2 protein chains.
Amino acid sequence: MKNGPDIAALASLIGDPARANILAALMGGKALTAGECAAEAGISAPAASGHLAKLLGAGLLVVLVQGRHRYFNLAGPDVAEAVETLMGLAARVGLRRTRPGPREVAMRKARFCYDHLAGDAATALFARLVDRGMLVAQADGLGLSPSGRLRFLAEGIDIAALEARPRALCRACLDWSERRPHLAGSLGAAIARLAIERGWCRREAASRAVHFSPDGERALLALADSATDETRDPDRQGADRSNNPARRA
Amino acid sequence: MKNGPDIAALASLIGDPARANILAALMGGKALTAGECAAEAGISAPAASGHLAKLLGAGLLVVLVQGRHRYFNLAGPDVAEAVETLMGLAARVGLRRTRPGPREVAMRKARFCYDHLAGDAATALFARLVDRGMLVAQADGLGLSPSGRLRFLAEGIDIAALEARPRALCRACLDWSERRPHLAGSLGAAIARLAIERGWCRREAASRAVHFSPDGERALLALADSATDETRDPDRQGADRSNNPARRA
DNA sequence: GCAATGCTTCATTCTTCGCCGAAACATCAG
DNA sequence: CTGATGTTTCGGCGAAGAATGAAGCATTGC
């Protein structure tokens, strides 16, 4: 096997504990300065600087220079996806860093996966969107049906603008904690922004974890209610909690 | 970030060139002896033995002892998926092991991805299955529509038996060369077995690459033709052989 | 301008980890 | 039983690379 991409160089890059910690911290989707990365990884500033330079050189990170600060972020959704996949496999083969604590319980419920939502709430939304026929399979992956398009337009999301970007509109991202898909892609990112802007949830300080209010969670799931239902009868959101579409295969 | 799975230990395990080569070789889906792994990775037998022990201990590999031979294989589809994801990211950020040669061209056309087909031909089949409405989105990922179910039953694939297994029936696996999805899951594996058994393609000796005959490629894509079109063809004897539940080679 | 902050570069030390050869162990053929 | 083959264990060598501390560059605020 001397063909194919150099998986070893990539994995070796991620394989250093310090660099893995940095990547995990950046999975929250927020850009961090070099110093913050150092603190997050528990290493000195010079060490962090070296690691960041390597990750940057490999194209896994991008940097935004602002004055004397350098803000680092993941280079793109595909990097986040690879990290999330590795987390899923690591969890499955039983490689944990600590035993599951209260922090992890919150993360399983809802968290950021780079720029979109993951966890129990996000997989529930995905399931509902599919059940209502808003999310459908397409030749190149996943797509929005006309009704789904209408629904998100009604919510003020400019679908056409999202489609104009090179990034895919919808993608199924396998949740490492739930082992079911949640919605990624530019639409998934737009939904996450929506949830934050409307106060459905609040982010933990320096963590991927996200806390939804009961109303916020209902509002999130109500995104899967058809546009006509939504405008006609807003109270219907509460009743919908009963028919949970999550069915284990 | 002191929570979550230990991604560093996993990536560091994959990050060694020798181990990465072993994993890449096993992506062909065929079990290899320790000696074959050593040759594949270009290292001595003792070195390979050590690496295999580590991969085995981490749960990434399984071993089947037969006499004085020990046959190693990937532990499951999720390991293969993680490796494929890493390959995709490595290819995208420009980490290649060699410049694209003739061997790689063949691999882009069609290859094995653990136990199912990948490459240009497989992504084309996926797109057709979706276009014809046989493959649809489901709450837990991807599923077979009634028409799709009928179609593969007509081909002699025992869908009910596949669904009884813990493994998902259909999964979209992102192709690292095409950057479009191909069909994984137990159905994807069944289709790959079908293609081999009916002689639509032949495997290269010690490679993931697969060569389709022109007729074979047509036959593969014809899996996406509706069942009524297909049943006109009386030449259907080989169908029963595909019921073989034996999974390991 | 001066000091402080954020970050990087450099040179050094040190640990880690993979490789190899030799030998031991297990299995199969005769 | 004996020799041959496949595989693992052990000891020593060597190199890749990660952390450290000091120093150098930039930017910000007084």
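Order of the sequence lines sets the chain letters (A, B, ...), proteins ahead of strands, with each chain counted from 1. Atom set for the values below is all heavy atoms of this structure, side chains included, hydrogens, waters and symmetry mates excluded. Everything numeric here is computed off the predicted structure, so don't read it as measured data.
- One finds a salt bridge joining Glu81(B) and Arg171(B) here, because a Lys/Arg side-chain nitrogen approaches an Asp/Glu carboxylate oxygen to under 4.0 Å.
- We find that CG of Leu56(B) is positioned 16 Å from C1' of dT9(D), with the value rounded to whole Å.
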For nucleotides 3-6 of chain D, give me every protein contact, N/O to N/O, under 3.5 Å, one pair per line with atom names.
{"from": "dT5(D)", "atom 1": "O2", "to": "Arg68(B)", "atom 2": "NH1", "distance (Å)": "2.9"}
{"from": "dG6(D)", "atom 1": "O3'", "to": "Arg68(B)", "atom 2": "O", "distance (Å)": "3.4"}

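- Fit an axis to the five pairs at each end of the helix from dG1(C)-dC30(D) to dG30(C)-dC1(D) and the two axes sit 30° apart, to the nearest 10 degrees.
- Residues forming a side chain to side chain donor-acceptor pair (under 3.5 Å) with Arg167(A) (at least two apart in sequence, or on another chain): Asp115(A).
- Shortest non-hydrogen contact noted between Leu86(B) and Ala11(A) is CD1-CB, 4.4 Å.
- Among Leu142(B), Leu117(B), Asp175(B), the one residue that satisfies the side chain to side chain contact (heavy atoms under 4.5 Å, CB included) test with Phe126(B) is Leu142(B).
- Listed by chain and residue number, Glu204(B) satisfy the side chain to side chain donor-acceptor pair (under 3.5 Å) test with His211(B) (two or more places apart in sequence, or in another chain).
- A straight line from CG of Leu52(A) to C1' of dA18(D) spans 14 Å, rounded to a whole angstrom.
- Atom CG of Leu32(A) and atom P of dG6(C) are 15 Å apart (whole Å).
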Pairwise N/O distances under 3.5 Å, protein to nucleotides 17-20 of chain C:
{"from": "dG18(C)", "atom 1": "OP1", "to": "Arg19(B)", "atom 2": "NH1", "distance (Å)": "3.1"}
{"from": "dG18(C)", "atom 1": "OP1", "to": "Arg19(B)", "atom 2": "NH2", "distance (Å)": "2.9"}
{"from": "dG18(C)", "atom 1": "OP2", "to": "Lys54(B)", "atom 2": "NZ", "distance (Å)": "2.6"}
{"from": "dC19(C)", "atom 1": "OP2", "to": "His51(B)", "atom 2": "NE2", "distance (Å)": "2.4"}
{"from": "dC20(C)", "atom 1": "OP2", "to": "Ser44(B)", "atom 2": "N", "distance (Å)": "3.3"}
{"from": "dC20(C)", "atom 1": "OP2", "to": "Ser44(B)", "atom 2": "OG", "distance (Å)": "3.2"}

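- Atom CD in Glu36(A) sits 6.5 Å away from atom OH in Tyr71(A) (nearest 0.5 Å).
- Geometric assessment of Arg203(B) against the ring of Phe112(B) yields a positive cation-pi assignment under the 6.0 Å and 45° thresholds.
- Of the charged side-chain nitrogens involved, at least one lies within less than 4.0 Å of a carboxylate oxygen, so that Asp120(B) and Lys109(B) count as a salt-bridged pair.
- Nearer to the 5' terminus of DNA chain D, by closest-nucleotide assignment, is the contact made by Ser49(B) (compared with the other of Ser49(B) and Gly67(A)).
- With rounding to whole Å, Glu36(A) atom CD is found 14 Å from dT5(C) atom C1'.
- Between the CG atom of Leu64(A) and the P atom of dG6(C) there is a distance of 18 Å, rounded to whole Å.
- From Ile14(B), atom CD1 reaches atom CG of Leu55(B) across 8.5 Å, with rounding to the nearest 0.5 Å.
- Legend: salt bridge (charged side-chain N to carboxylate O under 4.0 Å, His left out) pairs involving residues 56-78 of chain B, not counting sequence neighbours, sorted by first then second residue: Arg92(A)-Asp78(B).
- Using a 4.0 Å cut-off between charged nitrogen and carboxylate oxygen, Arg111(B) and Glu84(B) count as a salt-bridge pair.
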